[in-house]
Chemist: 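Take a look at the following structure, please.
In what follows, chains carry the letters A, B, and so on, assigned in the order in which the sequence lines appear, proteins first and then strands, with residues in each chain numbered from 1. Below, all heavy atoms of this structure are taken into account, side chains as well, without hydrogens, waters or symmetry copies.
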Protein chains: 2
Amino acid sequence: MTDTPPLPDFDLYGFTPYRLAVAAKHTSEQLARQYRDRFGISIPEWRVLVHLAHSGNTSVRDIEARVAMEKYEVSRAAKRLREAGLIERKENPEDRRLIILSLTVEGQKMMAELLPMAKAHQAELEKRLGDAFKQLEAGLEALLNETK
Amino acid sequence: MTDTPPLPDFDLYGFTPYRLAVAAKHTSEQLARQYRDRFGISIPEWRVLVHLAHSGNTSVRDIEARVAMEKYEVSRAAKRLREAGLIERKENPEDRRLIILSLTVEGQKMMAELLPMAKAHQAELEKRLGDAFKQLEAGLEALLNETK
DNA sequence: ACAAGGTCATTGCACCTGCTACGAAATTGC
DNA sequence: GCAATTTCGTAGCAGGTGCAATGACCTTGT
């Protein structure tokens, strides 16, 4: 004899934040494992590297603002990457609070291998999803532009 | 005189796994903070609770299979929830490897408050995004059904 | 009936994260 | 010119996470 107060009916599978989290995990998992096994790189580190490959020298603050990471995440990812010899830092002489991060030659070599993997992954995703990909992107576009 | 080997051009903002991760974080952040501040509940814990509210008594294994969590995540979330008095466990007499998790009365009360918050959040998201929401969901549907 | 193998849940370990506080440097306001 | 405030990056701490190993239990095959 259990008295069950009537709970609202709520299905996790229909909850958009949950669906997005699963989709994010699902799409990044396979590739993330590749960089991890092959290069020993985590996702935060990868984001920093991609930003540096794309935008050249930048500060922690700059990356933070443009790569959806917190300041301390960038700082720690950068530390690990420095220890691995993939990036280097110098002081900015115009504002000595800022640091300038950039890829080392070794980092550039690694990115030359890594970026094509990411491009291939993206291309495969687009191909597999077909029209649904366009819809997904339209939806994401609206969502990402929204509260910003 | 810097010699820069030509790296492939790759923009993180156009990378679907990244976009999904940002979107997931963005849509869950506000609500997650609410449960955290108000009830002291993390996202893994919330998922377990929602599953129990929806599906009644279940085992760790069952949750694992249906809620996109690893077994150890469920186990640890359940441990914390038990310590907080929100769920309880008994042995399954038919198979003593399995445990049966269920909400306590206190857990049910909390969910009676928490679930409407989630429903409201979902409704607001749908409203804010309008047509883009439908597109997003169509895309997610294809993606989530895909490799499964 | 019992050994071999499989399933279920938990835990130890090392690492990662989130938060907050901090020191150094620049900017603002008087 | 100099205190008060703000900005930038880092680090301590507590707690969370991922992985592999473990122990308890069930199932299968002989």
Chemist: Roughly how far, to the nearest 0.5 Å, is the CD atom of A/Q108 from the CG atom of B/L7?
Modeler: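 Rounded to the nearest 0.5 Å, the CG-CD separation comes to 6.0 Å.
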Chemist: In whole angstrom, give the distance that lies between atom CD of A/E91 and atom P of C/dA24.
Modeler: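 So the CD-P distance, A/E91 to C/dA24, works out to 13 Å.
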Chemist: Whole Å only: how far is the NZ atom of A/K71 from the P atom of C/dC22?
Modeler: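 To the nearest whole Å, that distance equals 15 Å.
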Chemist: Roughly, in whole Å, what's the span from CD in B/E73 to P in C/dT10?
Modeler: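 Whole-Å distance recorded here is 14 Å.
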Chemist: Figure out the CZ/P separation between A/R47 and C/dC16, and round it to whole Å.
Modeler: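 A/R47 atom CZ is separated from C/dC16 atom P by 16 Å.
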Chemist: Select from B/R61 and B/R76 the residue whose nearest nucleotide in DNA chain C is closer to the 5' end of that strand.
Modeler: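 Looking at DNA chain C, the more 5' nearest nucleotide goes with B/R61.
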Chemist: At what distance, to the nearest 0.5 angstrom, does OH of A/Y18 lie from CG of A/D11?
Modeler: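 If I round to the nearest 0.5 Å, the distance is 9.5 Å.
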Chemist: In terms of side-chain geometry, is the basic nitrogen of A/R128 or A/E124 positioned less than 4.0 Å from the acidic oxygen of its partner?
Modeler: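 Yes, charged N to carboxylate O under 4.0 Å.
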Chemist: Would A/D131 and A/Q135 count as a side chain to side chain donor-acceptor pair (under 3.5 Å) here? Give the steps.
Modeler: CA-CA 7 Å; A/D131 279 349; A/Q135 294 191 284; over 6 Å; no
Chemist: What range of DNA chain D does chain A touch, first nucleotide to last, counting atoms under 4.0 Å from its heavy atoms?
Modeler: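 Range of nucleotides touched by chain A: D/dT7 to D/dC19.
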Chemist: If the threshold is 4.0 Å, N to carboxylate O, is there a salt bridge linking B/R80 and B/E45?
Modeler: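 Result for this pair is yes, salt bridge flagged.
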Chemist: A/Y72 side chain N/O closer than 4.0 Å to the phosphate oxygens (OP1, OP2) of C/dG18?
Modeler: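 Checking A/Y72 against C/dG18: at least one side-chain N or O falls below 4.0 Å of OP1 or OP2.
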Chemist: Once you round it to whole Å, what is the distance between P of C/dA24 and CG of A/D95?
Modeler: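 So the CG-P distance, A/D95 to C/dA24, works out to 16 Å.
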Chemist: If you pin A/N92 and B/R33 to their nearest nucleotides in DNA chain C, which one's is more 5'?
Modeler: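 Mapping each residue to its closest nucleotide by heavy atoms, the 5'-most match is B/R33.
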Chemist: Quick check: on DNA chain D, is the nucleotide nearest A/I100 upstream (toward 5') of the one nearest A/R36, or the reverse? Name the residue that is more 5'.
Modeler: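 The residue mapped nearer the 5' terminus is A/I100.
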Chemist: For B/F39, enumerate each residue passing the ring pair (Phe, Tyr, Trp, His ring centres under 6.0 Å) test, keeping only those at least two apart in sequence or located in another chain.
Modeler: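 Ring pair (Phe, Tyr, Trp, His ring centres under 6.0 Å) list for B/F39, sorted by chain: empty.
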Chemist: Distance check needed: C/dG5 P versus B/R97 CZ, whole Å only.
Modeler: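 Answer to the nearest Å: 17 Å.
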Chemist: Ignoring backbone atoms, test whether B/S75 places a side-chain nitrogen or oxygen under 4.0 Å from the OP1 or OP2 oxygen of C/dA9.
Modeler: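 No, outside the criterion.
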Chemist: Is A/M111 reachable from A/I43 through a run of hydrophobic residues whose side-chain heavy atoms are each under 4.5 Å from the next?
Modeler: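 No; tracing contacts between hydrophobic side chains, which count when under 4.5 Å, never links both residues.
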Chemist: Rounded to the Å, how far apart are A/E45 CD and C/dT17 P?
Modeler: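 So the CD-P distance, A/E45 to C/dT17, works out to 8 Å.
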Chemist: Whole angstroms only, please: what is the CG-C1' distance between B/D37 and C/dG18?
Modeler: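 To the nearest whole Å, that distance equals 13 Å.
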Chemist: Looking across every strand, which nucleic acid part, if any, lies under 4.0 Å from A/S59 by heavy atom: base, sugar-phosphate, or nothing?
Modeler: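 Here A/S59 touches the backbone only, sparing every base.
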Chemist: For A/R96 and C/dG23, is the shortest distance between a side-chain N/O and OP1 or OP2 below 4.0 Å?
Modeler: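 Checking C/dG23 against A/R96, no side-chain N or O comes under 4.0 Å of OP1 or OP2.
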